[in-house]
Colleague: 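I'd like to ask some things about the structure below.
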Amino acid sequence: MRLVFLGPPGAGKGTQAQRLREELDIPHISTGDILRQVAEDEEDPLGRKVKDYMKRGELVPDDIVVEIVKKRLSADDAEKGFILDGFPRTEAQARQLDAALQSVDRPIDITINFRTSEPVVMARLSGRRICTSCGANYHVKNMPPKRDGVCDRCGGPVEKRADDNETAIKRRLVLYNEQTAGLEEYYKKNNTLETVSGDLDVEELRGVLLKLFDRSGLIKHK
Ligand code: AP5
């Protein structure tokens with residue numbers, strides 16, 4: 001099953017992908033997570049460049065991101081499928097992804113569009129916390145870790161993301177509307193688009209998604 005998760009920052013794409021990857025037995029490929037790892041290497045000029053874009057809420061240039069995604073998709077575990085979260089974000093990225101997948105005859109099955117209202121997105125991003133060790137995702141009100149500042153999954157430190165400040169959040173939303181929202185039309189034209197409400201609570205939305213995958217014949221029943 002090859003899935004793309006599309007939607008504004010804070011729509012809950014990562015939260016759902018983290019839950020569904022085990023159920024669907026496919027890897028969760030988040031360009032944000034991969035780029036945060038690249039940005040950790042302060043010795044590497046690429047790491048410094050990526051960090052600078054990300055902390056300002058700017059998009060990392062297409063050529064860098066496309067290369068990273070192509071490499072990740074060629075790994076063995078992506079052969080059975082994947083959830084792409086945060087990619088593509090521009091039409092150029094979408095076209096390059098299509099070309100790469102078509103050349104191996106493995107097109108996208110479904111693009112999930114998480115339509116989410118702005119007040120919900122703002123509340124979620126300002127309260128988000130992530131584990132800097134394993135990437136598990138929390139929220140100070142909606143989903144706090146059991147012990148304050150400590151990850152339930154791996155015991156790592158749970159902190160605010162560097163780009164979850166007001167200025168960077170506003171910039172990410174502007175860029176989403178300018179560069180990414182148009183991909184809804186792009187995926188509508190290639191008949192893979194399904195729209196769900198990102199405003200639903202976590203479990204409700206998970207149920208909606210599982211029903212949708214089941215209806216599409218993408219879940220294999222034993
Ligand atoms: P990225 O990491 O992809 O960030 P984003 O797009 O801004 O998306 P988020 O991770 O903020 O949102 P999400 O929808 O995953 O929400 P989440 O599940 O965490 O990208 C970061 C940066 O990397 C970009 O700004 C850019 O610089 C660069 N980048 C990445 N990809 C790129 C690309 N393709 N091209 C160029 N540059 C790229 O949920 C948010 C919060 O809400 C959490 O606290 C969660 O606990 C809570 N929550 C989630 N769902 C629910 C729910 N249903 N009910 C209540 N609370 C919920």
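This structure is a prediction, so every number in the text was calculated from the model and none was measured.
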Colleague: Determine, for R48 against E43, whether the closest basic-nitrogen to carboxylate-oxygen distance falls under 4.0 angstrom.
Modeller: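 No, no charged N to carboxylate O under 4.0 Å.
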Colleague: With the side chain counted from C-beta on, respond yes when R19 and H28 share a heavy-atom pair under 4.5 Å apart, and no when they do not.
Modeller: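 Not in contact.
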Colleague: Begin from the C-alpha positions of K55 and D163 and carry the test salt bridge (charged side-chain N to carboxylate O under 4.0 Å, His left out) through to its verdict.
Modeller: CA-CA 5 Å; K55 73 168 187 250; D163 59 346; over 6 Å; no
Colleague: Taking atom types as modelled, find out whether D199 and T116 have a side-chain donor-acceptor pair closer than 3.5 angstrom.
Modeller: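 D199 vs T116: no donor-acceptor pair found between side chains.
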Colleague: Can you check whether L20 reaches F5 side chain to side chain, under 4.5 Å on heavy atoms?
Modeller: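 When only atoms from C-beta onward are counted, F5 and L20 do touch, with a gap below 4.5 Å.
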Colleague: Are L6 and F82 co-members of a hydrophobic cluster defined by side-chain heavy atoms under 4.5 Å apart?
Modeller: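 Linked, F82 and L6 end up in one cluster.
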Colleague: Minimum heavy-atom separation for L175 to G57, with atom names?
Modeller: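 L175 and G57 have their closest heavy atoms at CD1-O, 3.3 Å.
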Colleague: Can a cation-pi geometry be assigned to R56 and Y53, taking NZ or CZ under 6.0 Å from the six-membered ring centre and within 45° of the ring axis?
Modeller: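 R56 over Y53 ring: yes.
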Colleague: Indicate if L173 and F114 have the same hydrophobic cluster label, given that clusters are the connected sets of ILVMFWY residues with side-chain heavy-atom separations under 4.5 angstrom.
Modeller: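 No, L173 does not connect to F114 through the hydrophobic network.
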Colleague: Over all heavy atoms of both residues, which pair between C134 and C151 is shortest? Give the atoms and the distance, please.
Modeller: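 Minimum heavy-atom separation between C134 and C151: SG-SG, 3.8 Å.
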Colleague: Report the C-alpha distance between V150 and V158 in whole Å, list the side-chain angles of each, state the deciding distance to 0.1 Å, and finish with yes or no for side chain to side chain contact (heavy atoms under 4.5 Å, CB included).
Modeller: CA-CA 5 Å; V150 181; V158 171; 5.7 Å; no
Colleague: Working to the nearest 0.5 angstrom, can you tell me the gap between K13 NZ and L205 CG?
Modeller: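 These two atoms lie 12.0 Å from each other.
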Colleague: Please determine if D44 and K51 form a salt bridge, counting it only when a charged side-chain N lies under 4.0 Å from a carboxylate O.
Modeller: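 Salt bridge absent between D44 and K51.
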Colleague: Is any side-chain heavy atom of P88 closer than 4.5 Å to one of L183?
Modeller: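 Yes, side chains in contact.
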Colleague: Testing E178, Q179, Q96, R95 one by one against T90 for a side-chain contact (heavy atoms from CB on, under 4.5 Å), which residue passes?
Modeller: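 Running side-chain contact (heavy atoms from CB on, under 4.5 Å) over E178, Q179, Q96, R95 with T90 returns exactly one hit, Q179.
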Colleague: Charged N to carboxylate O below 4.0 Å: is that the case for D33 and R36?
Modeller: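 Yes, D33 and R36 are salt-bridged.
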Colleague: Counting only heavy atoms not in K160, do more than 12 sit closer than 6.0 Å to its NZ atom?
Modeller: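 More than 12 heavy atoms, drawn from other residues, nucleotides or ligands, come within 6.0 Å of this atom.
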Colleague: So, do V65 and F87 sit near enough that their side-chain heavy atoms are less than 4.5 Å apart?
Modeller: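 When only atoms from C-beta onward are counted, F87 and V65 do touch, with a gap below 4.5 Å.
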Colleague: Going by an N to O cut-off under 4.0 Å, is there a salt bridge joining R172 and D164?
Modeller: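 A salt bridge is present here (some side-chain N lies under 4.0 Å from a carboxylate O).
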Colleague: If hydrophobic clusters are built from ILVMFWY residues whose side chains come within less than 4.5 Å, do Y176 and V120 share one?
Modeller: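 Result: no, two separate clusters.
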Colleague: So, taking the atom named CD1 in I108 and the one named CG in N191, what distance separates them when rounded to the nearest 0.5 Å?
Modeller: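 It is 14.0 Å, given to the nearest 0.5 Å.
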Colleague: Report the C-alpha separation of L73 and I29 in whole Å, then their side-chain angles, then the decisive distance to 0.1 Å, and conclude whether the side chain to side chain contact (heavy atoms under 4.5 Å, CB included) test is met.
Modeller: CA-CA 9 Å; L73 290 181; I29 301 179; 3.7 Å; yes
Colleague: Are any of the side-chain nitrogens in R115 or E184 under 4.0 Å away from the carboxylate oxygens of its partner?
Modeller: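 The answer is yes: the pair qualifies as a salt bridge.
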Colleague: Can you check side chain to side chain contact (heavy atoms under 4.5 Å, CB included) on S216 and L212, steps first, answer last?
Modeller: CA-CA 6 Å; S216 312; L212 197 155; 4.1 Å; yes
Colleague: How many angstroms lie between NZ in K188 and CD in E194, if you round to the nearest 0.5 Å?
Modeller: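 Reported value, rounded in 0.5 Å steps: 12.0 Å.
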Colleague: Got Q16 and V202 here, is their nearest side-chain heavy-atom distance under 4.5 Å?
Modeller: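 Contact flag for Q16/V202 side chains = yes.
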Colleague: Apply salt bridge (charged side-chain N to carboxylate O under 4.0 Å, His left out) to residues R72 and D77 and explain how you reach the verdict.
Modeller: CA-CA 9 Å; R72 180 62 187 87; D77 68 338; 2.8 Å; yes
Colleague: Nearest 0.5 Å, what's the CD-CG distance between Q102 and L97?
Modeller: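 So the CD of Q102 and the CG of L97 are separated by 9.5 Å.
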Colleague: Test R206 against L210 for side chain to side chain contact (heavy atoms under 4.5 Å, CB included), laying out the working first.
Modeller: CA-CA 6 Å; R206 183 173 152 274; L210 284 173; 4.0 Å; yes
Colleague: CD of Q93 to CG of D62: how many Å apart, nearest 0.5 Å?
Modeller: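 Output value for this atom pair is 4.5 Å.
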Colleague: Does the pair E185/K189 count as a salt bridge with the N-to-O cut at 4.0 Å?
Modeller: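 K189 and E185: not salt-bridged.
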Colleague: Distance from S30 atom OG to I83 atom CD1, nearest 0.5 Å?
Modeller: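 Result: 11.0 Å between the selected atoms.
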Colleague: What do the steps show when you test E159 against R129 for salt bridge (charged side-chain N to carboxylate O under 4.0 Å, His left out), and what is the final call?
Modeller: CA-CA 5 Å; E159 293 172 5; R129 300 292 181 268; over 6 Å; no
Colleague: Cluster question for you: counting only ILVMFWY and a side-chain heavy-atom cut-off of under 4.5 Å, with indirect links fine, are L59 and M54 together?
Modeller: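 No: no chain of side-chain contacts under 4.5 Å links L59 to M54.
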Colleague: Taking side chain as C-beta onward, heavy atoms only, is L84 less than 4.5 Å from V69?
Modeller: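 They are in contact (side-chain heavy atoms under 4.5 Å apart), so the answer is yes.
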Colleague: Quick check on D63: does its CG atom have over 12 non-hydrogen neighbours (other residues, nucleotides or ligands) under 6.0 Å away?
Modeller: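 Yes, because the 6.0 Å sphere around CG of D63 holds more than 12 heavy atoms from other groups.
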Colleague: Flag the pair F213 / L24 as yes when at least one side-chain heavy-atom distance between them is below 4.5 Å, and no otherwise.
Modeller: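 Side-chain contact under 4.5 Å: yes.
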Colleague: Going hydrophobic residue to hydrophobic residue with side-chain gaps under 4.5 angstrom, can you get from L193 over to V196?
Modeller: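 No, because L193 and V196 fall into different hydrophobic clusters, even though each may have its own neighbours under 4.5 Å.
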Colleague: Would you check if L125 and R161 make a side-chain contact, meaning some heavy-atom pair closer than 4.5 Å?
Modeller: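 Of all side-chain heavy-atom pairs linking R161 with L125, none is under 4.5 Å.
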